[in-house]
Number of protein chains: 2
Amino acid sequence: MTRPETDPTPQDDAARAGWLYYVAGMTQDQIATELGVSRQRAQRLVSKAISDGLIQVRLNHRIGACMDLEQALQHRFGLQRCRVAPGLGAGADPARAIAVAAASELERYLRQPDPLTIAFGTGRALRAMVEQFNPSGPCPHKIVSLLGNIAPDGSATLYDVISRIAERLNATYYPMPVPVISDTAQEREFFMHLRPVRNVYELARKADVTFVGVGQMGADAPLALDGFVSAEVMAELQEQGATGEIASWVYDARGRYIDSPRNALVGGVRVEPGQSQPVFGVAAGASKIKAIYAAIQGRIINCLVTDEPTAKALLAQD
Amino acid sequence: MTRPETDPTPQDDAARAGWLYYVAGMTQDQIATELGVSRQRAQRLVSKAISDGLIQVRLNHRIGACMDLEQALQHRFGLQRCRVAPGLGAGADPARAIAVAAASELERYLRQPDPLTIAFGTGRALRAMVEQFNPSGPCPHKIVSLLGNIAPDGSATLYDVISRIAERLNATYYPMPVPVISDTAQEREFFMHLRPVRNVYELARKADVTFVGVGQMGADAPLALDGFVSAEVMAELQEQGATGEIASWVYDARGRYIDSPRNALVGGVRVEPGQSQPVFGVAAGASKIKAIYAAIQGRIINCLVTDEPTAKALLAQD
DNA sequence: CCACCAAGCGATGAAATGCTCAATCGCTTC
DNA sequence: GAAGCGATTGAGCATTTCATCGCTTGGTGG
């Protein structure tokens, strides 16, 4: 044999210490004894092994991939928070997938002892969220709606979220008794000047935390499906660059609200870009990718709950 | 266990906690706050993540001493490949130590784009290996078992490796539906002449790469522990010079398969000596030294994954 | 040859972790 | 409906780990 032993090498010790610590599960002074060094030195070796990247930890679970995506999204887009739920596979409703994750985000705020104002938009995703969340304990918070609850035909709008939440929480809640979209500017003005409306409006505008769905444009747009926008107006909006919609306010591919007579008729609060309070976008699905991307770019939302395929697609946007 | 329903999260929480702890480097009460649970619960989740094997640790550094041993073993015994993992210290299961190294060898082949046939034996070491490997990307390979999967009591054998691998890879796999050891030569003949069995047999025999464990003889022999061989037969075999066993085929101290009625009843493929395709022996531990040494001498295996103490002991054999 | 500087070392105290135990909760059974 | 049983929980405590500090050592330049 050439050499009976290679020198007690520099970084080898660190690797060995890290191995004994993480794989063998030894305690640091066991390692110290094993290697014949002091405890402190063993501790330094272990920490060196980590900082030098000698030790790689991975999570052998689907959730692991999701959490990697969360970190990537947070970092890439500067989001305050991000949750990625495992995908349900093709064919399933993506809203189901993200409902639980969204609910747990909501619960984080509901658990707070100090009274908060929590504002909600509407939509399938939020509706799925409220089906999933579990009220626990008393609720000192105010539940506020971001948008009107009067549909064009006078019915309560589909996917009304807020009353469901408030009902299950037993909390005071503030719906917004205005048309989702008024017929005329005068009508909108009239409603928006009513004192109770102004009150709710102010509450919602200053909410401590906001949850919204994200709507895409096109024939399958929620706005179109629910009859708020005719096919002609939709086409017109898209010509103007409309890419998505949050609380019925339409924005372009860079997340800037577009300057359209249509937007001027929307009742309720427009979520302003660049807020410091958390604004959660709760949305997933292939058709929504561009709309979500734009909303993030424009800083309309600063927190995101989505599913795995959507997260991957967002990261793949250039 | 596949879970089509993602709604309630049983072990997902453990995964999440483990990720936050090991990957994000959070402290346990930060995790507790994050997940909205008590500090103790967070600690329990993290420890569950470890005990469930959700956390995978890899050493990204070849320790010099181990590399020296690898080279020495390769040179001395003319091995195609050799990997030596650092020892875990006395008392620990050596299979754990070599699992990661073995997994990374396996992954080298799985990454190959062209379809390969990969054959597997059974045993604790291989089982530990499959727990550690990480499937990545699609798998065009064929996963074949070297030996039968029918135990004497009719149950699926302990330490079944192949189904686990295939399950995680989503690859087509070929178990061998014959008894590990038949009661009579006639029974063996019957099984081995079945067409599907012949098919699997031929696949395994010509595998592009093979992974096997190495069993020792004696009271602590895997064959004895799993009830394939009674104490009397074991004693008899040892009198005939039996030193080790690969895929249930028993060989002597020089690695030559012994000519025993017992060997004639083994179902499945006998790994032939002197193959040009790689045959990996994955084994470590003081009790296995002679068996490994013999298998190498007889050229039954031509690649080795073992741990440091075992490697040293092998080199110390005369 | 000495003074100085940098790097590494061990020690101490504070924080974090993991373990045990008693109490509770939920479920089954009588 | 009550009692029993097992699993789960939270609290306290012992252990382990981590960060900061002053000291020693070894090397360098004057």
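Throughout, a chain's letter reflects where its sequence line sits, starting with A, and its residues are numbered from 1.
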message: Here's one to test your reading of the geometry: is the NZ or CZ of R168(B) within 45 degrees of the ring axis of F133(B) and under 6.0 Å from its centre?
response: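 Judged by the rule (NZ or CZ under 6.0 Å from the ring centre, within 45° of its axis), R168(B) counts as positioned above F133(B).
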- request: To the nearest 0.5 Å, tell me how far I165(A) CD1 sits from C139(A) SG.
  value: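 Here the interatomic distance stands at 9.5 Å.
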query: When rounded to the nearest 0.5 angstrom, what is the spacing between CZ in F120(B) and CZ in F211(B)?
result: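 Nearest 0.5 Å value for the CZ-CZ distance: 6.0 Å.
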Can you check whether [X] has a side-chain N or O nearer than 4.0 Å to OP1 or OP2 of [N]?
X	N	value
S47(A)	dC18(D)	no
Y21(A)	dT16(D)	no
Q43(B)	dG18(C)	yes
T27(A)	dT15(D)	no
Q30(A)	dT16(D)	no
S38(A)	dC9(C)	no

- prompt: Can you tell which of Q28(B), M26(B), Q30(B) makes a side-chain contact (heavy atoms from CB on, under 4.5 Å) with L20(B)?
  reply: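 The option that passes is M26(B).
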query: Contact class for Q40(A) (heavy atom, under 4.0 Å): base, sugar-phosphate, or nothing?
result: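 Base contact.
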To the nearest Å, give me how far apart [atom1] ([X]) and [atom2] ([N]) are.
X	N	atom1	atom2	value
R41(B)	dA7(D)	CZ	C1'	12 Å
D29(A)	dT17(D)	CG	C1'	10 Å
L45(B)	dG18(C)	CG	P	12 Å
Q28(B)	dG10(D)	CD	P	15 Å
R39(B)	dC19(C)	CZ	P	14 Å

- prompt: With the threshold set at 4.0 Å, does a side-chain nitrogen-carboxylate oxygen contact exist between E308(A) and R62(A)?
  reply: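 Yes, charged N to carboxylate O under 4.0 Å.
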message: Under a 4.0 Å threshold between the charged nitrogen and the carboxylate oxygen, would R164(A) count as salt-bridged to E131(A)?
response: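 So E131(A) pairs with R164(A) through a salt bridge.
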query: Over its full length, what angle do the end axes of the helix from dC1(C)-dG30(D) to dC30(C)-dG1(D) make, each axis taken from five pairs and the result rounded to 10 degrees?
result: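 One end's axis against the other's: 20°.
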message: Show, in sequence, the C-alpha distance, side-chain angles and deciding distance for R83(B) and S104(B), and conclude whether the side chain to side chain donor-acceptor pair (under 3.5 Å) test is met.
response: CA-CA 10 Å; R83(B) 287 291 302 273; S104(B) 89; 3.1 Å; yes
task: Measure from the side-chain heavy atoms of R44(B) and tell me the nearest of dT17(C), dC21(D), dC21(C).
output: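 Selected nucleotide: dC21(C).
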